[in-house]
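Numbers here are sequence positions counted from 1. The structure displayed is predicted, hence computed values, not measured ones. Only this structure's heavy atoms are used, side chains among them; waters, hydrogens and symmetry mates stay out.
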Amino acid sequence: MKSLILAGVAAALMFTGCSSKKYFEPEETFSASKVTSSYGSKIVSVSREGATLENRSYISKKEGLRSIDLGEGYRFLSENDRYLLASNIEGTLKMIDKSSQTVTHQITFDAPVVTAAVKEGMIAYILNNNAFGIYDIHAKQKRMEEKSDETYAIDARAATPIFIDQLVVFPMLDGKLVIVNSRNASSAKVVYLSSADAFNNVIYLGRTGDTLVAATPKTLFSLGEAGEQEYTANISEVAVADSMIYLFTKEGEVIQLDKALKEQKRTKFKFAHYSVATVIGGKVYALDQKGSLIVLDKTLTKSRIYDLGEVKRPALISGTKLYKDGDVIELSKLGYE
């Protein structure tokens, strides 16, 4: 079981394809060398909330490069203001105090932890056998644990559980959301996003105002004032900014939608295969796997393309910084005109 799941994760991170695969080839590119520097290590694995480095430290999407040692064999999962979570292949989850850099809790599960989040004495977790639960830190025991349908191959970009007041939203590996009241875990709401057999896990989970936004590799979903809405596409990445949702597809499209998933704007970069993407500071950024960084305005009408070199390892965007193959690029200094 472990090897099958991990094989799926590894496959999702590889940037290879058949000999007939076509690549994005922009007519004109610009250099980003003046805003590029080295950060002294390289990314070995990514989670939705950050990346683990060769030197056992990590990059947080919230706080950037951090020097805390995760320990041999551990990968960064997520963090809050005080603690970070890291896990290993043996099923051990560590909670580390970021201030003292000491392990405050160490929990052993029956399977490796794929993703987890911590808030106010609770850890919400999902294991690679698709079990999910809430661990009470103070009581040192599980408050609840249930198991959903097993899946044998997942996309590496597994989304992280989120806390909304008393609710915990679990982004499951089999294409659904499970919403649990942390004070009364006996009842749960299940929302089905997709029913594909493989690579169907929830890869994005977030909020814009009072609207919940989630995605699998095939379906974008929103739940808010307009009720439940769905949008079907071959999804590479999702970003939310200024009450708008930006969808980056495997066909090279960048699509702007409102919270009800009604399309507002669309553009396409033929044969682009996006590695990472974000929207920040009024600009849209999308990195093609062959190294073209596309910078657009929010209306998707103006663009400029920078040549960063082929993406050889997983990349990560934290704030306005893009971490790629040992380099860090300051995105805020790159324009679209």
Show the nearest heavy-atom pair for residues [X] and [Y], with the distance to one decimal.
{"X": "K61", "Y": "S318", "result": "O-OG, 3.3 Å"}
{"X": "Q289", "Y": "S275", "result": "CG-CB, 4.0 Å"}
{"X": "V103", "Y": "Q106", "result": "CG1-OE1, 4.3 Å"}
{"X": "Y323", "Y": "G64", "result": "OH-CA, 4.1 Å"}

Hphob cluster co-occupancy, [X] + [Y], side-chain heavy atoms under 4.5 angstrom:
{"X": "L77", "Y": "I137", "result": "yes"}
{"X": "F132", "Y": "V113", "result": "no"}
{"X": "Y274", "Y": "M244", "result": "yes"}
{"X": "F269", "Y": "Y23", "result": "no"}
{"X": "M144", "Y": "I123", "result": "no"}

L322 vs L308, side chain to side chain contact (heavy atoms under 4.5 Å, CB included): CA-CA, chis, key distance, verdict: CA-CA 11 Å; L322 167 62; L308 305 185; 3.6 Å; yes
Please determine whether a side-chain nitrogen of the Lys or Arg among [X] and [Y] lies less than 4.0 Å from a carboxylate oxygen of the Asp or Glu.
{"X": "K42", "Y": "D325", "value": "no"}
{"X": "E79", "Y": "K62", "value": "no"}
{"X": "K22", "Y": "E251", "value": "no"}

Please check if the side chain of [X] supplies one atom and the backbone of [Y] the other of a donor-acceptor pair under 3.5 Å.
{"X": "N234", "Y": "K250", "answer": "no"}
{"X": "N201", "Y": "D155", "answer": "yes"}
{"X": "N128", "Y": "V114", "answer": "no"}
{"X": "K94", "Y": "L70", "answer": "yes"}
{"X": "S222", "Y": "K259", "answer": "yes"}

Is the shortest side-chain heavy-atom distance between [X] and [Y] below 4.5 Å?
{"X": "Y336", "Y": "L296", "value": "no"}
{"X": "L316", "Y": "I43", "value": "yes"}
{"X": "T216", "Y": "I203", "value": "no"}
{"X": "P161", "Y": "T115", "value": "yes"}
{"X": "I280", "Y": "I317", "value": "no"}
{"X": "L205", "Y": "L177", "value": "yes"}
{"X": "D97", "Y": "Y83", "value": "yes"}
{"X": "H273", "Y": "F24", "value": "no"}

Evaluation steps, side chain to side chain contact (heavy atoms under 4.5 Å, CB included), between Q264 and T299: CA-CA 9 Å; Q264 306 297 306; T299 66; over 6 Å; no
Separation between [atom1] of [X] and [atom2] of [Y], rounded to the nearest 0.5 Å:
{"X": "E310", "Y": "S292", "atom1": "CD", "atom2": "OG", "answer": "11.0 Å"}
{"X": "K268", "Y": "T249", "atom1": "NZ", "atom2": "OG1", "answer": "7.0 Å"}
{"X": "I235", "Y": "L220", "atom1": "CD1", "atom2": "CG", "answer": "5.0 Å"}
{"X": "L331", "Y": "K283", "atom1": "CG", "atom2": "NZ", "answer": "8.0 Å"}
{"X": "Q101", "Y": "I68", "atom1": "CD", "atom2": "CD1", "answer": "4.5 Å"}
{"X": "I179", "Y": "S187", "atom1": "CD1", "atom2": "OG", "answer": "11.5 Å"}

Would you please say whether a donor-acceptor pair under 3.5 Å links the side chains of [X] and [Y]?
{"X": "D327", "Y": "T36", "answer": "no"}
{"X": "T211", "Y": "E225", "answer": "no"}
{"X": "E237", "Y": "Y204", "answer": "no"}

Y74 vs T92, side chain to side chain contact (heavy atoms under 4.5 Å, CB included): CA-CA, chis, key distance, verdict: CA-CA 9 Å; Y74 282 84; T92 301; 3.3 Å; yes
Heavy-atom neighbours of K98 NZ exceed 12 at 6.0 Å: yes
Parallel, tilted or perpendicular: ring planes of Y125 versus F109, cut at 30 and 60 degrees: tilted
Y58 and F76 aromatic ring geometry - parallel, tilted or perpendicular at 30°/60° bounds: parallel
S182 vs I134, side chain to side chain contact (heavy atoms under 4.5 Å, CB included): CA-CA, chis, key distance, verdict: CA-CA 8 Å; S182 62; I134 299 173; 4.2 Å; yes
Partner residues of R266 under the side chain to side chain contact (heavy atoms under 4.5 Å, CB included) criterion, sequence neighbours left out: Y231, E253, I255, E263
Option among T160, I164, V178 that satisfies the side-chain contact (heavy atoms from CB on, under 4.5 Å) test with V169: I164
